[in-house]
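Just below is one structure, and these are the notes that go with it.
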Amino acid sequence: MAASETNDAARRIFTAIRAIPKGEVAGYGEVARRAGLPGRARMVARLLSTASEPNLPWHRVLRSDGRIAFPDGSEGFREQSARLRAEGVRVDAGKVVGARKPRTLDESLWGPPE
DNA sequence: GTTCTGACTGCGA
DNA sequence: GTCGCAGCCAGAA
């Protein structure tokens with residue numbers, strides 16, 4: 001069933017996001033790439049906005065710049081920044097500081113450097 | 001069926 | 001540092 005490919009991809013994305021350790025953050029592209037969808041960052045974003053996963057740490061997913069994808073002052077913005085702070089992540093002007101950078105996350109989360 | 005939009009990314013100027 | 005352009009996929013109008 002080719003149709004399950006999309007579902008499988010979504011499942012991988014959710015798994016990837018859930019695999020993000022507390023206090024760390026990942027980028028949309030990073031998650032998408034690890035899910036087997038390089039360049040499909042938009043799909044991850046759309047998934048989060050549509051999917052209703054209560055156990056999904058979506059607040060740990062940021063843009064490639066390490067910034068929150070929501071517009072400054074938006075509800076989602078406050079929600080995400082508040083959740084990150086609750087996990088020990090410092091958020092300054094919508095930018096995450098002190099947490100693992102999306103690039104380093106690659107080795108810290110999925111593939112430990114040998 | 002086509003067209004637009006979107007919690008995006010990367011590169012060049 | 002900011003701005004613009006092109007590429008990508010899925011859902012909604």
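The chains referred to below are lettered A, B, ... by the order of the sequence lines, with proteins before strands, and numbering in each begins at 1.
Taking 4.5 Å as the limit, every side-chain heavy atom of A:Val61 sits out of range of all side-chain heavy atoms of A:Val25. Within the 4.5 Å cutoff, no side-chain heavy atoms of A:Arg90 are placed close to those of A:Val96. Counting only heavy atoms from C-beta outward, the side chains of A:Arg60 and A:Glu87 approach each other to under 4.5 Å. Within the 4.5 Å cutoff, the side chain of A:Leu62 has heavy atoms near those of the A:Leu84 side chain. A heavy-atom distance below 4.5 Å is not found between the side chains of A:Val89 and A:Arg83.
Taking for each of A:Arg40 and A:Thr50 the nucleotide of DNA chain C with the nearest heavy atom, the 5'-most of the two is the partner of A:Arg40.
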Show which side-chain atoms of residues 66-78 of chain A pair as donor or acceptor with protein atoms under 3.5 Å away, not counting sequence neighbours.
unit_1	atom_1	unit_2	atom_2	d
A:Glu75	OE2	A:Arg78	NH2	3.4

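Here chain A contacts DNA chain C (any atom closer than 4.0 Å to a heavy atom, that is under 4.0 Å), and the contacts span C:dG7 to C:dG11 from 5' to 3'.
Note: CE (A:Met43) to C1' (B:dT9) measures 16 Å, nearest angstrom. Atom C1' of nucleotide B:dA7 and atom CZ of A:Arg67 are separated by 15 Å, given to the nearest angstrom. Between A:Tyr28 atom OH and B:dG10 atom P there is a gap of 14 Å when expressed in whole angstrom units.
For B:dA7, neither phosphate oxygen OP1 nor OP2 lies less than 4.0 angstrom from any side-chain nitrogen or oxygen of A:Arg46. Contact check, A:Ser64 against B:dC8: no side-chain N or O comes under 4.0 Å of OP1 or OP2.
Listed by residue number, A:Ala69, A:Phe70 are the residues of residues 69-82 of chain A with a heavy-atom contact under 4.0 Å to DNA chain B.
How far CD1 of A:Ile20 is from CG of A:Leu56: 8.5 Å, rounded to the nearest 0.5 Å. Taken to the nearest 0.5 Å, the CG atom of A:Leu47 stands 14.0 Å off from the CZ atom of A:Arg40. Remark: A:His59 NE2 to A:Ile17 CD1 distance equals 10.5 Å, nearest 0.5 Å.
Considering only the side chain of A:Trp58, B:dA7 comes nearest among B:dA7, B:dG6, B:dT9.
Counting atom types as modelled, A:Arg42 pairs a side-chain N or O with a base atom of B:dG6 as donor and acceptor under 3.5 Å.
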